[in-house]
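For the numbers below, each heavy atom of this structure counts, side chains included, while hydrogens, waters and symmetry mates do not. In the text below, chain A, chain B and the rest are named by the order of the sequence lines, each starting its count at 1. This one's a predicted model, so the numbers in the text were calculated from it and none came from an experiment.
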2 protein chains.
Amino acid sequence: MRQTQQIQQLLKRNQLSVTDSRLRILELFFQQDGALAHADIEKKSGAGFDRVTIYRTLQTFVDKGIIHTIPTADNAVRYALCKDDCTQGHHQDHHVHFVCERCSTTICLEDVEVPAIRLPEGYTASHAEVVVNGVCRNCSQ
Amino acid sequence: MRQTQQIQQLLKRNQLSVTDSRLRILELFFQQDGALAHADIEKKSGAGFDRVTIYRTLQTFVDKGIIHTIPTADNAVRYALCKDDCTQGHHQDHHVHFVCERCSTTICLEDVEVPAIRLPEGYTASHAEVVVNGVCRNCSQ
DNA sequence: GCTAAATTTGCAACAGAGTTGCAAGAATTT
DNA sequence: AAATTCTTGCAACTCTGTTGCAAATTTAGC
Ligand SMILES: [Mn+2]
Ligand SMILES: [Mn+2]
Ligand SMILES: [Zn+2]
Ligand SMILES: [Zn+2]
């Protein structure tokens with residue numbers, strides 16, 4: 001398996017020990033193009049990892065800049081691979097996210113940048129999150 | 001009390017019976033300019049309304065177009081009064097929301113419209129949510 | 001390859017957010 | 001004021017996420 005090798009290297013590059021759950025969870029992210037919620041991972045991982053392990057693994061990946069969180073209206077955090085140059089403690093994912101109303105897939109629109117927002121006097125922006133709801137490419141035909 | 005009168009009328013206009021919890025919760029919203037989360041209301045209401053009553057009251061107000069929800073990154077729904085022309089089943093609040101990193105107040109920027117987002121081929125937008133994080137007017141001096 | 005140290009995992013127990021059914025209580029209608 | 005309608009509180013439950021700790025696994029040194 002070529003991919004397993006690549007994932008191992010990704011872990012080592014981030015000074016993380018190579019464990020079954022980390023390999024499997026990253027594998028899921030690489031097989032998917034939409035985002036994954038904790039519950040999705042619990043179902044799809046198969047191997048019956050403990051819920052807590054999954055939470056901790058996801059948190060570790062976020063800390064290392066391997067995945068990023070996506071805020072959605074339904075109060076369940078979703079995660080997706082960082083394709084930008086994110087590093088430990090410094091995420092760079094300034095793109096728009098899309099949630100499909102039909103299939104409820106959550107997708108990173110890597111090429112759509114968050115527009116600059118003109119704020120009233122006295123407000124200083126540090127970061128903006130844009131989530132667009134609508135119908136995705138798959139569902140619109 | 002003049003305000004109580006006004007709140008009563010707001011309830012009647014929406015075909016809602018006038019009850020202690022509804023009066024009190026609306027009163028809190030009118031006294032506040034930031035948004036309120038369920039937990040805030042539970043604390044500030046004083047009168048010890050049941051948690052379930054608060055949840056149901058908030059849901060009713062959202063359904064009627066009296067308040068709207070604000071998505072934030074911390075996975076706790078916040079609510080604010082609708083100042084736009086929202087009606088039963090049809091919210092019109094297309095403004096930007098702001099979350100202060102210092103005081104964590106959540107504010108509706110009624111005058112800041114959500115910009116149009118250009119999506120890739122195949123995607124259709126129906127609604128976009130913009131949440132800007134930063135430092136608010138109060139905290140920036 | 002084996003051992004010791006460092007890290008990760010699973011379990012149990014917990015906290016918080018939100019939902020549902022139902023009987024009792026209040027508000028509205030007549 | 002009584003009957004009807006609607007709302008509330010309670011209990012019980014689900015789902016999401018967190019923490020402490022001992023056991024298991026991984027890594028590093030030899
Ligand atoms: Mn993304
Ligand atoms: Mn608002
Ligand atoms: Zn879709
Ligand atoms: Zn502030």
Write down the distance between [atom1] ([X]) and [atom2] ([N]), rounded to a whole number of angstrom.
{"X": "D50(A)", "N": "dT16(D)", "atom1": "CG", "atom2": "P", "value": "15 Å"}
{"X": "R78(A)", "N": "dC15(D)", "atom1": "CZ", "atom2": "C1'", "value": "14 Å"}
{"X": "L11(B)", "N": "dT7(D)", "atom1": "CG", "atom2": "C1'", "value": "13 Å"}
{"X": "Q59(B)", "N": "dT7(D)", "atom1": "CD", "atom2": "P", "value": "14 Å"}
{"X": "E42(A)", "N": "dG17(D)", "atom1": "CD", "atom2": "P", "value": "11 Å"}
{"X": "R56(A)", "N": "dT25(D)", "atom1": "CZ", "atom2": "C1'", "value": "14 Å"}
{"X": "L16(A)", "N": "dT27(D)", "atom1": "CG", "atom2": "P", "value": "10 Å"}
{"X": "D20(B)", "N": "dT8(D)", "atom1": "CG", "atom2": "C1'", "value": "11 Å"}

For the helix from dG1(C)-dC30(D) to dT30(C)-dA1(D), what angle separates the axis at the start from the axis at the finish, each from five pairs, in steps of 10°? 30°
Would you say D50(A) has more than 12 foreign heavy atoms packed within less than 6.0 Å of its CG? yes
With a 6.0 Å cut-off (strictly less than), is the heavy-atom count around CD of E101(B), excluding the residue itself, greater than 12? yes
Of the listed dT8(D), dT18(D), dA11(D), the closest approach to the Y55(A) side chain comes from dT18(D)
Side-chain contact check for R51(A): nearest option of dT8(D), dT16(D), dA11(D) is dT16(D)
Find which nucleotide of DNA chain C each of T19(A) and K12(B) is nearest to by heavy atoms, and output the residue with the more 5' nucleotide. T19(A)
Single-linkage hydrophobic cluster V132(A)~V114(A), side-chain heavy atoms < 4.5 angstrom: yes
Can you tell me how far apart NZ (K44(A)) and CZ (R24(A)) are? Round to the nearest 0.5 Å. 10.0 Å
d(T106(A) OG1, D33(A) CG) to nearest 0.5 Å is 12.0 Å
Would you please indicate if the ring centroids of H127(B) and H91(B) are separated by under 6.0 Å? no
Base, sugar-phosphate alone, or nothing: which one does R22(B) contact when heavy atoms must sit under 4.0 Å apart? sugar-phosphate
Segment of DNA chain C, first to last nucleotide, that comes within the 4.0 Å heavy-atom reach of chain A: dT7(C) to dG18(C)
Could I get the full list of side chain to side chain donor-acceptor pair (under 3.5 Å) partners for D63(B), not counting sequence neighbours? Q59(B)
Give me the ring orientation class for H68(B) and H97(B): parallel if the planes are under 30° apart, tilted from 30 to 60°, perpendicular past 60°. tilted
